[in-house]
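First the structure, in the form of structure tokens, and then the observations on it.
Protein chains get the first letters and strands the later ones, always in sequence-line order, with residue 1 at the start of each.
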Amino acid sequence: MTRGGDTILVVDDDPSIRRGLAAELAAAGYGTLEASDGEEGARLAAEREPDLVLTDLAMPRVDGFELIARLRRAGATPILVLSVRGGDADKIRALDLGADDYVVKPFSVPELLARVRAQLRRHAGEGAVGVLEFPGLTLDRERRRVAVDGRDVHLTPTELSILELLAAHAGKPVTIRQIIGRVWSGAPGTTPDAVRVHVGSLRRKIEPDPARPRYIVTEPWVGYRFVAEPVG
Amino acid sequence: VALAGVGAATAAARALGANATTAGFVYLVVVLLAAARLGFPAAVAASLSATACYNRFFLPPIGTWTIADPANWVALAVFLLASVLVSRLVANEQRRAEEAEARRMEVEALLVERERFLEERAHHEALRESDAFRTSLLRAVSHDLRTPITALRLGLERLRRSAADSADVDALSAETERLSRRIDNLLSMARLDAGTSVPRPEPAPPADLFRGALDALPLVLAGRRVTVTVAEDTPDALADPTLAVEILTNLLENAARAAKPETPLELAAGPDPAGPEHVRLEVRDRGPGVPAGLERPSQAGPSAETGRGGLGLVICGSLARAMGGTVTLLERPGGGTVARLELPAAPGGAG
């Protein structure tokens, strides 16, 4: 499961959390770097070019938001944010600044490792065109066709655009604002409720069991996440 | 009174043998006093009577209403004019003084009002500051409780890798997660109680809420069979997703602990038969049934029976109530408990 050789930079001002995280990541086969604030984090990121950055938000001197902004000016390194429960405004702000995902403290280690894997994989596969394949679902972006369990499913153009956007960012939360921006070209008057209606009908068409969504789940207050892992 | 004053002045002036000029001034003083004390009409009456008395008693020929010297006609006329003018002036002055007094009182009233307004504003600011204080206190408490929990979990994972037998570590992990959930519960309650956060409802598909609850209990539900059903025509809940998941997690955890591990648990959502305003989310088990005294935890106070699962249920009730919902425990046909969470339904039907 682990991609060997990837290096992860851990930025957190709490030493027990930072060391604990580094130990878990090392045990999972990743190389690790540690920084205790955003300043040190930005410096290490520039010098050592990690494959992924895992950062807390509230830190002395240079905080996580500033670090995200600096990293995004420098490149596209995946950024995973350690957020606190109830900090929804912080989460959305971090995503808007360019963070790729978040885990909420106290997180479970398997959950954290799954998020790390998803980000590294997504980053490696970025820019791929053509056919996206997930267990039970195939999305042919050139022919604009979708098949669920081998059967073609008819989607409206809006539903297809939403699915393409979410599936292209599999494992990453996509905000309602980003969906409106990409699918409706930011058309004024497009409300979150309109997005919800289209996502609702999309889910009814592609989810084999609506009670146990396999592909698209809601991220409260944020938007949606395509959760299936790509095949291959 | 004005006329009596004029009479008294006449008598006094005559007794002193005053000449016409002195008497004129005495009369003027009387008129002035009348104007100041009694107002313009009384002053005019005093002026007229004083003029008459002046003529009769002080202008030759004395004791008659006639005037011999034409110059004295002028004097008398001037006296009358002076008296009326003075009366007028004094009355005006008096009125202005009264108006000024009224304005002063108005200004004073305004100042008092302003004072009260400033006091109220200071009071409101103090309240806001104490709100801000409570918010930052809760944030600090939240951070200081969750950081060690996060460190504990990481430490347990480290321990798990080196432990020969992982059963103890599993038990510790399960208890740590449970502690973490209780902290979440209490902080949610504290936030709602302190008014520092209000529920933020959004349309939430029941399947996503169930998924959130299942994800929150990986250890409690390990190896457990849980079925999830969402009826075709189930509307989305209009609820704060974090709080709704928290409630369902507690209900599911209680069910998992109450019923034997080999019995399946059921999560089921459906429309409320009573009408389209609500949606029902149920956690069903095959355990021993409803604990006594906990049939309607959303109406119970904190003093309610807090035996097994009691605290969690009372918290569930409070959180549900904060979102306009209810939690009810029902005996399940065939044995076991149905924990029912009813939440407001999102408008626009099934989504």
Counting only heavy atoms from other residues, nucleotides and ligands, does the tally under 6.0 Å from [atom1] of [X] exceed 12?
{"X": "B:Arg181", "atom1": "CZ", "result": "yes"}
{"X": "A:Arg48", "atom1": "CZ", "result": "no"}
{"X": "B:Arg332", "atom1": "CZ", "result": "yes"}

For [X], is it the side chain, the backbone, both or neither that has a heavy atom under 4.5 Å from a heavy atom of chain A?
{"X": "B:Ser188", "answer": "side chain"}
{"X": "B:Leu187", "answer": "neither"}
{"X": "B:Asp184", "answer": "both"}

Any chance you could measure A:Lys105, atom NZ, to B:Ser180, atom OG, to the nearest 0.5 Å?
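So the gap between those two atoms works out to 12.5 Å.
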Starting at CD of B:Glu202, measure out to CH2 of A:Trp221 and round the result to the nearest 0.5 Å.
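One gets 6.5 Å once the value is rounded to the nearest 0.5 Å.
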Under the side chain to side chain contact (heavy atoms under 4.5 Å, CB included) test against A:Thr218, which residue among B:Pro203, B:Pro205, B:Pro241 passes?
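Checked B:Pro203, B:Pro205, B:Pro241 against A:Thr218; only one passes side chain to side chain contact (heavy atoms under 4.5 Å, CB included): B:Pro205.
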Examine the side chains of A:Asp14 and B:Thr147 and answer whether a donor and an acceptor come within less than 3.5 Å of each other.
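Looking only at side-chain atoms, B:Thr147 and A:Asp14 do not form any donor-acceptor pair under 3.5 Å.
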Identify the two heavy atoms, one from A:Pro210 and one from B:Ala207, that lie closest to each other, and give their separation to 0.1 Å.
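Looking at all heavy atoms of both residues, the shortest contact is O-CB, 3.2 Å.
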Is a salt bridge present between B:Asp208 and A:Arg212, judged by a nitrogen-to-oxygen distance below 4.0 Å?
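Here B:Asp208 does not pair with A:Arg212 in a salt bridge, since their nearest N and O are not under 4.0 Å apart.
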For the candidates A:Glu207, A:Glu111, A:Arg203, A:Arg19, which exhibits the highest count of non-hydrogen atom pairs separated by less than 4.5 Å from chain B?
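Going by pairs under 4.5 Å, I would pick A:Arg203.
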Which atoms of A:Leu21 approach chain B - backbone, side chain, both or neither, heavy atom under 4.5 Å
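Both parts, backbone and side chain.
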Within residues 151-173 of chain B, which residues come under 4.5 Å of chain A, heavy atom to heavy atom?
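Heavy-atom contacts from residues 151-173 of chain B to chain A are B:Ala151, B:Arg153, B:Leu154, B:Glu157, B:Arg158, B:Arg161.
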